[in-house]
Amino acid sequence: MRLVFAGTPEVALPSLRALLESDRHEVAAVVTRPEAPSGRGRRVERSPVAALADEHGIEVLTPVKAGDPAFLARLRELRPDLCPVVAYGALLPESALAIPTHGWVNLHFSVLPAWRGAAPVQAAVRHGDDITGATTFRIVKALDAGPVFGVLTERVRERDTAGELLARLAESGAKLLLSTVDGIADGSLRAVEQPEEGVSYAPKVAVDDARLDFGTPAAALDRVARAVTPDPGAWAGFRGERLKLGPVLPVEEGHDLAPGEIKVERKRVLVGTATEPVALGEVQAQGKKRMPATDWARGARVEAGERIS
């Protein structure tokens, strides 16, 4: 089939590579978000999907909105049979959805109808799900509500961060997307409507959502920290500044620490919670490099009784 692939971040690359390597399909163009400032220097960079397309000499379309008349006109000229989508990052209007012969098929990183929305993997980790997965479905106007072509499941490991879990799903999901495109091409695959029960939503994670509240139980704090790693990254307040934190580890042995109270030991730094303490992993103070918590505590000269807010 003749394809136009839509995607933006690195997580979309395994799927794009799988389609490019297939001898059954032709990727005529890719659609990705416009260049945006990135990193500390705020340098304007092409998206990972655009960079991979450049390597293969494939046309790159970067509409500000997917409903732009010029973009829609070019998409019609390309005459795609199908548009596979992985983490494109923008809404697709009905005017765009109607162009490909077989519509737009999205690879979504949850087992739908659970965790519809922008951050399904983060939601799965934050809520302590044991199992998550990926789903391919036909895009319709309603958010992630279209009929399903295929599903895979993945166990959420005890210490998974959202980044680690998403990386595994990106690889296994690429195989699912390719098999879905193959099945649509040969007519062997039919989409099935999603069940009405079990719908949940996973909105985009904001920076404020990544603030750690040490007044909550250690298990919940641990899940939140892993859910926002690496993006947008966990943080808390210390001495009036923002302190970036890596994943934390609940400590089973008893320590009488108040919520947020810091205890510096020779090989670890503990912080009190509503239940047992947690050991800090990596820490990054404002204007400093990321470092082990013990190095940070020595450099900051943390005093007995000081707290992380």
* Asked: How long is the span from the CG atom in L189 to the OG atom in S179, to the nearest 0.5 Å?
  -> 7.5 Å

* Could R298 and D295 be called an ion pair, given the rule that one side-chain N must be under 4.0 Å from one carboxylate O? -> yes

* Give the minimum heavy-atom separation between H102 and M1, together with the two atoms involved. => CD2-SD, 3.8 Å

* **Gap separating the CD atom of Q284 from the CG atom of L243, nearest 0.5 angstrom** => 9.0 Å

* **Student check: side-chain heavy atoms of L82 and V105 closer than 4.5 Å** => yes

* Under 3.5 Å, is there a donor-acceptor pair between the side chain of T275 and the main chain of A218? -> yes

* Would you give the length of the straight line joining atom NZ of K288 to atom CD of E241, rounded to the nearest 0.5 angstrom? => 10.0 Å

* In sequence, state the C-alpha distance, the side-chain angles, and the governing distance for T180 and T136, and then conclude on side-chain hydrogen bond (donor to acceptor under 3.5 Å, both in side chains). => CA-CA 7 Å; T180 297; T136 50; 2.9 Å; yes

* Residue E10 excluded, over 12 heavy atoms near CD under 6.0 Å -> no

* Asked: If only atom types and distance count, is the side chain of T135 paired as donor or acceptor with the main-chain N or O of L112 below 3.5 Å?
  -> yes

* To do: Ignoring hydrogens and angles, tell me if any N or O in the side chain of S22 forms a donor-acceptor pair with the backbone of A18 under 3.5 Å.
  => no

* Any side-chain heavy atom of V224 within less than 4.5 Å of one from R211? -> no

* Asked: Do W104 and Y88 have ring centres separated by under 6.0 Å?
  -> no

* Same cluster for L3 and V85 if Ile/Leu/Val/Met/Phe/Trp/Tyr side chains link at under 4.5 Å? -> no

* Asked: Are L257 and L270 side-chain neighbours, meaning at least one heavy-atom pair lies under 4.5 Å?
  -> yes

* Give a yes-or-no answer on whether the side chains of T32 and S47 include a donor-acceptor pair shorter than 3.5 Å. => yes

* To do: Examine distances only and state if a side-chain atom of T216 and a backbone atom of A220 form a donor-acceptor pair shorter than 3.5 Å.
  => no

* To do: May I ask you to decide whether K244 forms a salt bridge with E282, counting only side-chain N to carboxylate O separations under 4.0 Å?
  => no

* To the nearest 0.5 angstrom, please state how far the CD1 atom of I308 sits from the CZ atom of R239. => 10.5 Å

* Asked: Has the side chain of E59 got a donor or acceptor atom that lies under 3.5 Å from a matching backbone atom of A29?
  -> no

* **Neighbour count above 12 (heavy atom, 6.0 Å) for I131 CD1** => yes

* Does a salt bridge link D130 with R155, judged by any charged N lying under 4.0 Å from a carboxylate O? -> no

* To do: Without swapping roles, check the side chain of Q122 against the backbone of V205 for a donor-acceptor pair under 3.5 Å.
  => no

* Using the side-chain contact (heavy atoms from CB on, under 4.5 Å) rule, take F109 and V11 through it: C-alpha gap first, then chi angles, then the decisive distance, then the call. => CA-CA 10 Å; F109 297 112; V11 72; 3.9 Å; yes

* **Sub-4.5 Å side-chain heavy-atom contact between F71 and L61** => yes

* Are the aromatic rings of H108 and W115 close, with centres under 6.0 Å apart? -> no

* Would you find a donor on one side and an acceptor on the other, under 3.5 Å apart, between the side chain of R33 and the backbone of V64? -> yes

* Asked: Above 12 or not: heavy atoms from other molecules or residues under 6.0 Å from CD of E196?
  -> no

* Charged N to carboxylate O below 4.0 Å: is that the case for R46 and D54? -> yes

* **Exam field: side chain E261 to backbone A258, donor-acceptor pair closer than 3.5 Å** => yes

* To do: Could you tell me which non-hydrogen atom of G246 sits nearest to which non-hydrogen atom of R290, and how far apart they are?
  => N-NH1, 3.8 Å

* To do: Nearest 0.5 Å please: distance from the CD atom of E94 over to the CG atom of L92.
  => 11.0 Å

* **Beyond-backbone contact of V278 with F214, side-chain heavy atoms, under 4.5 angstrom** => yes

* **Note: R159-D222 ion pair, threshold 4.0 Å (strictly below)** => yes

* Asked: Is D81 reaching over with its side chain to a backbone N or O of T101, donor-acceptor style, under 3.5 angstrom?
  -> no

* Check: R2 side chain, L78 main-chain N or O, donor-acceptor pair, under 3.5 Å -> yes

* Of all heavy-atom pairs between S95 and L72, which one has the smallest distance, and what is that distance? -> OG-CD1, 3.5 Å

* Asked: Are any non-hydrogen side-chain atoms of D160 and R168 less than 4.5 angstrom apart?
  -> yes

* Any F238 side-chain heavy atom under 4.5 Å of I262 side chain -> yes

* Structure fact -> On a heavy-atom basis, the closest approach of A96 and A66 is CB-O, 4.0 Å

* S172 side chain reached by L152 side chain, heavy atoms, under 4.5 Å -> yes

* For side-chain contact (heavy atoms from CB on, under 4.5 Å), just list the numbers for T294 and W296, CA-CA rounded to whole Å, side-chain angles, deciding distance to a tenth of an Å, and then say yes or no. => CA-CA 5 Å; T294 49; W296 162 76; over 6 Å; no

* Kindly work out whether a path of hydrophobic side-chain contacts (I/L/V/M/F/W/Y, heavy atoms less than 4.5 Å apart) joins L107 to L52. => yes

* Is the CZ atom of R79 crowded by more than 12 outside heavy atoms at less than 6.0 Å? -> no

* Once you round to the nearest 0.5 Å, how far does OG1 of T132 lie from CG of L169? -> 6.0 Å

* Distance-only donor-acceptor check, side chains R116 and Q194, under 3.5 Å -> yes

